[in-house]
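Working notes, beginning with the structure itself.
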Amino acid sequence: MSWLPLSFGFPAILWGLLALPVIWWLLRLTPPKPQAEVFPPLKILARVLKREETPRQSPWWLTLLRLLMAALVVMALAEPIFNPREKLPTTGSALALVMDNGWAASPDWDRRVATAERLIDDAAAGGVPILLAFTAEKPNADIGPFSSEAARDKLRATQPRPIPTDRPGVYARVAAALDTMPGASVAVLADGLAAQGDDAAFKALLGKDPSSVVWAVPDRLATVGLTDAENQIDGFALTAIRPSSDATPRQVTAGAFDDKGRRIADATVSFGMDETKGTGLMKVPFELRNDFSAISIDGENHAGAVRVLDESSKRRRVGLISQSEADQAQPLLSPLYYIRRALQPFADLVEPQSRDLADAIPQLLEQKPAMIVMADVGNIPEPAHQKLVEWVNNGGMLVRFAGSRLAAAGNDDELLPVRLRTGERSLGGALSWTEPQPVTEFPKTGPFSDLAPPSEVTVSRQVLAEPSADIVDRTWASLADGTPLVTGARREKGTLVLFHTAPQATWSNLPISGSFVEMLRRLVQMSRNQGTLAAGAEGQVASLAPYRMIAANGALVPPPAEARPLTVGRGPVPVTIENPPGLYGSEEGVVAHNLLDADTTLTPLVRPQIAAPVTEMRYAFDESRDLKGPLVGAALILMLLDTLAVFWLGGMFAGRRTRAAARGAGAAAVVLAAGALLFALAPHAHADDSKPGDQAAIDAVSKTRLAYVVTGDSSIDAVSRAGLEGLSRFLIDKTALEPGDPAGVDISRDELAFYPIIYWPIDPSAPMPSQEAIGRIDAYMQQGGTVLFDTRDQYANGIGADSASPATERLRDILSNLNVPPLEPVPADHVLTKSFYILPEFPGRFNGSPLWVEASLDASNTEHRPVRTGDGVTPIMITANDFAGAWAIDASGAPMFPTVPADPMQRLLAYRAGVNIVMYMLTGNYKSDQVHVPALLERLGQ
């Protein structure tokens with residue numbers, strides 16, 4: 001086989017190339033027609049002494065031109081194919097092509113279609129019928145058998161769906177059709193993700209004794225999906241998942257969009273080593289979070305990366321209940337007056353029409369509030385009491401305020417967080433203070449822990465809690481004498497909260513303070529809407545029309561023709577072709593119907609045991625090219641050139657050109673012919689002909705990038721990456737260097753030559769690197785790279801201490817296998833001390849450990865060593881000062897760790913030390929060469 005990736009349809013025709021020597025001989029013996037000229041006496045006399053007469057053979061360049069033309073014709077007749085593909089096994093009585101077109105197939109759907117077309121083409125060449133089935137279509141969709149043309153049309157008309165696959169149902173239909181076609185070939189084009197019922201599905205499909213099986217799955221699963229988006233107290237918490245086969249640390253960016261498609265917030269979701277679940281937090285104001293309509297992951301073009309939001313994730317509905325009859329007459333004395341004023345800016349307030357608790361509580365529950373506030377409500381009627389208990393247990397938050405009615409009522413263990421003493425405690429009463437009591441610091445375990453205590457608030461009356469073993473854990477706010485002011489407790493999925501004072505200003509001045517608003521605001525943020533108004537009351541069923549759907553590529557689009565109304569009120573509804581993911585309802589209210597649940601996992605599909613011969617293939621475009629047409633075209637071009645050359649030699653273009661020009665024109669014709677041949681053989685690129693890894697190499701060398709060694713500990717690796725990101729930002733701000741994003745490298749596998757310096761945090765608990773990895777590091781250092789070892793143990797032990805720390809011991813074990821040169825602390829005149837900043841020392845998060853570098857050739861000569869080690873750069877640096885900890889910044893750009901001691905100047909010096917190290921690595925010892933300037937100037941003067 002030739003070195004060219006060629007194949008031929010009729011290779012026997014290539015034997016015709018053996019006739020080229022005969023053609024050469026014939027052409028050389030057949031000269032072109034002599035040139036005819038009009039009789040010009042003077043011109044004849046001028047040429048009379050010249051020997052050149054009628055040529056006796058064809059010029060060499062014309063002969064070569066005709067040989068090329070003949071060779072092209074022979075090769076074209078042999079029907080050559082550039083980059084031929086292997087013919088797939090589609091023999092047998094039929095081809096059963098089963099293809100996943102669910103949500104996971106959307107990102108590379110074009111490649112999957114191209115792969116299926118190759119199978120159909122091979123089946124058409126064998127003349128076998130084709131069964132074509134898709135696993136995310138209607139149950140009654142036609143699966144054939146089809147002719148190759150009909151199968152190709154159906155394939156091109158099918159698009160991926162934003163729904164899960166139904167392999168058991170579809171595979172069973174194909175297996176039933178194969179009962180009449182024994183010995184058929186089966187092609188499984190899967191999305192690479194396992195699904196429920198796969199074992200039974202493959203057993204049914206592959207249990208029909210197929211003649212051969214083609215198995216195709218993606219080369220690499222890198223899908224990331226959103227499984228949860230929860231509006232919490234401090235932000236919008238995101239949960240994402242990825243396949244278990246993707247084990248490397250990874251970060252993705254998610255964006256939040258409003259109902260007009262505008263991006264209004266971002267968050268980073270991080271996956272550690274071997275973690276399949278990642279989390280992120282959108283820290284934006286509560287009011288802005290209420291505008292979120294959808295959240296999607298950047299770069300993930302599938303429905304699983306998008307999550308739509310409804311009212312349950314937005315502004316809370318709060319129900320208000322009071323038994324007071326004096327609201328209209330004296331509003332300032334109304335138990336709900338200050339509560340309404342505090343909640344109106346950030347909650348939707350609903351109140352019952354009836355004052356009777358037996359009717360008022362069910363009326364509020366029908367509105368499905370996130371929180372119910374009861375202002376001085378005593379005994380609750382039994383029917384309403386039971387419904388309220390069920391509501392709390394299902395996730396509701398009940399906030400109660402004390403008052404004379406509550407103090408006189410008996411204990412209610414189901415609707416109070418703590419047991420109460422009978423009566424109340426008031427200033428001047430039996431259980432009294434000598435003076436009003438102030439509020440102390442909020443407990444760190446409660447929801448108000450980050451709020452400043454209201455120093456101006458005092459309490460003169462309250463209801464007291466019975467002492468118990470868990471009273472401290474249930475106290476969210478207390479008075480100076482230790483008695484609880486606010487208590488709270490969980491009840492299954494819900495929460496009970498009690499303010500031990502009244503909501504009016506008669507018992508305390510808390511309701512007229514700013515802290516009262518902040519405390520209620522925090523409680524509202526903790527609550528969760530219990531549904532949407534469109535879903536109807538408890539026990540009722542509602543049918544909601546499709547409003548906006550999530551397409552297979554993750555875009556929000558109008559409802560498709562197959563979409564049907566969503567029935568809510570009967571429990572979870574699965575995502576199907578009739579109920580695709582999206583929003584159901586109308587502009588007045590919607591219900592979110594998302595693809596991935598909170599407990600969804602992405603498990604790679606494992607190929608089952610198959611008795612028949614199996615051919616594994618990858619999804620790719622057909623890169624083969626038929627060269628017959630280009631070769632025929634090139635032969636025609638050569639024929640045209642040959643015709644022009646014959647006309648020219650016959651004198652048609654004579655008069656201005658000499659014979660030397662003729663030879664030049666002939667050589668040019670040969671060059672044109674060679675160019676035509678190369679054009680014919682070159683494939684017309686519409687696919688990517690690059691080798692695997694080329695793009696990664698291009699990306700790595702297109703920008704200077706700092707690298708760090710991936711230790712396997714996600715916390716250490718995260719600090720290393722954050723540290724190099726902080727140093728990169730400092731370099732961009734202070735120097736002309738603009739480094740790219742930091743790169744984490746696996747020293748046993750990744751190419752190290754792309755990076756000028758590699759930061760290696762020593763982790764004593766990490767496995768010892770293999771000898772192969774140590775060898776790769778040694779080669780990297782010998783070839784000009786530098787490794788910065790950081791033991792991060794300055795306060796445990798320094799390098800050279802008699803009793804070394806575990807990190808230093810591990811470093812010694814690593815260095816024992818490397819060709820390490822003699823080392824010395826950075827001298828005062830070293831280039832590192834002046835490569836950019838003038839630095840006397842190199843601190844990190846810690847200070848005190850020296851920075852060790854390769855010793856100079858004449859380390860003892862401390863007075864006269866202007867150039868320490870020539871133009872070389874030390875291949876190794878060692879420190880214990882934790883550089884990455886000092887450089888590390890969070891998403892907002894703030895330092896992640898304090899320096900030890902906490903000195904802002906030490907952090908600045910640490911950044912400057914990092915700049916000096918990077919500049920030294922990139923420029924060498926150019927600063928030291930300044931010592932030669934006088935001598936150079938003296939020579940130039942001579």
Side-chain angles (χ1 to χ4, degrees), residues 192-194 218-228 237-254 267-281 297-300 305 600-604 693 696 699-700 705-726 728 740-752 754-755 758-770 772-774 776-777 787-792 806-807 810-811 813-814 882-885 887-891 896-897:
L193 295 178
D219 295 337
R220 177 175 176 268
L221 287 177
T223 305
V224 178
L226 273 176
T227 58
D228 197 11
L238 306 180
T239 303
I241 58 173
R242 64 175 179 173
S244 56
S245 58
D246 190 0
T248 58
R250 184 180 179 187
Q251 288 185 338
V252 296
T253 303
T268 299
V269 180
S270 302
F271 295 90
M273 182 69 70
D274 296 325
E275 292 180 353
T276 59
K277 181 176 291 187
T279 57
L281 185 66
I297 299 177
D298 296 341
E300 296 290 329
T600 302
T601 58
L602 300 180
T603 305
D699 295 339
R705 300 176 67 190
L706 309 180
Y708 63 93
V709 173
V710 176
T711 64
D713 188 325
S714 59
S715 60
I716 296 178
D717 296 340
V719 173
S720 299
R721 183 175 185 85
L724 295 187
E725 285 181 353
S728 298
D741 295 334
V745 296
D746 184 346
I747 61 174
S748 64
R749 182 177 58 195
D750 295 336
E751 177 58 53
L752 307 179
F754 297 141
Y755 312 105
I758 298 177
Y759 177 77
W760 190 338
I762 301 301
D763 179 14
S765 63
M768 182 70 182
S770 63
E772 180 182 359
I774 294 296
R776 298 178 87 249
I777 285 291
V787 181
L788 173 55
F789 294 96
D790 195 339
T791 58
R792 304 170 296 129
R810 174 53 57 88
L811 177 60
D813 294 340
I814 294 174
D882 190 9
F883 280 160
W887 300 334
I889 59 175
D890 58 19
M896 294 178 62
F897 305 102

Full working for side-chain contact (heavy atoms from CB on, under 4.5 Å) between Thr276 and Leu602: CA-CA 8 Å; Thr276 59; Leu602 300 180; over 6 Å; no
Ser244 side chain near Pro604 side chain, heavy-atom distance below 4.5 Å: yes
Spatial distance of atom CE (Met273) from atom OG (Ser714) [nearest 0.5 Å]: 9.0 Å
Residues in salt bridge (Lys or Arg N to Asp or Glu O under 4.0 Å) contact with Arg792, at least two apart in sequence or another chain: none
Partners passing salt bridge (Lys or Arg N to Asp or Glu O under 4.0 Å) against Arg810 (at least two apart in sequence or in another chain): none
From CG (Leu706) to OH (Tyr755), nearest 0.5 Å: 10.5 Å
Shortest non-hydrogen contact from Ala222 toward Asp246: CA-OD2, 4.2 Å
Value rounded to 0.5 Å, distance of OG in Ser720 from CZ in Phe883: 13.5 Å
Point-to-point distance, once rounded to the nearest 0.5 Å, from CZ of Arg776 to CD of Glu751: 6.5 Å
Expected output: side-chain Arg721 to main-chain Pro742 donor-acceptor under 3.5 Å: yes
Heavy-atom pair of closest approach, residues Gly885 and Phe897: O-CD1, 3.7 Å
side-chain contact (heavy atoms from CB on, under 4.5 Å) partners of Pro218, counting only residues at least two apart: Arg112, Leu221, Tyr619
Flag, side chain of Thr711 to backbone of Asp713, donor-acceptor distance under 3.5 Å: yes
Test item: Arg705 side-chain N/O and Gly740 main-chain N/O as donor-acceptor pair under 3.5 Å: no
Non-hydrogen atoms of Gly272 and Arg242 that approach each other most closely: O-NH2, 3.0 Å
Donor-acceptor under 3.5 Å (Arg250 side chain, Val269 main chain): no
From CA spacing to verdict: side-chain contact (heavy atoms from CB on, under 4.5 Å), Thr601, Ile241: CA-CA 7 Å; Thr601 58; Ile241 58 173; 5.6 Å; no
Atom of Asp717, atom of Gly712 and distance for their closest heavy-atom approach: OD2-N, 3.3 Å
Heavy-atom closest contact (Glu300 atom, Ala305 atom, distance): CB-CB, 3.4 Å
What donor-acceptor contacts under 3.5 angstrom involve side-chain atoms of residues 758-766, with partners at least two apart or in another chain?
unit_1	atom_1	unit_2	atom_2	d
Tyr759	OH	Asp790	OD2	2.7
Tyr759	OH	Ala884	N	3.4
Asp763	OD1	Ser765	N	3.2
Asp763	OD1	Ser765	OG	2.8
Asp763	OD2	Ser765	OG	3.1

Partner residues of Asp741 under the salt bridge (Lys or Arg N to Asp or Glu O under 4.0 Å) criterion, sequence neighbours left out: none
Spatial distance of atom OG1 (Thr600) from atom CG (Asp228) [nearest 0.5 Å]: 10.5 Å
Donor-acceptor under 3.5 Å (Thr227 side chain, Thr239 main chain): yes
Residue pair Ala240 / Phe271: nearest heavy atoms and the distance that separates them: O-CE2, 3.7 Å
Results of salt bridge (Lys or Arg N to Asp or Glu O under 4.0 Å) for Asp298 - residues two or more places apart only: Arg263
Stepwise side-chain contact (heavy atoms from CB on, under 4.5 Å) test for Val710 and Asp746: CA-CA 6 Å; Val710 176; Asp746 184 346; 5.5 Å; no
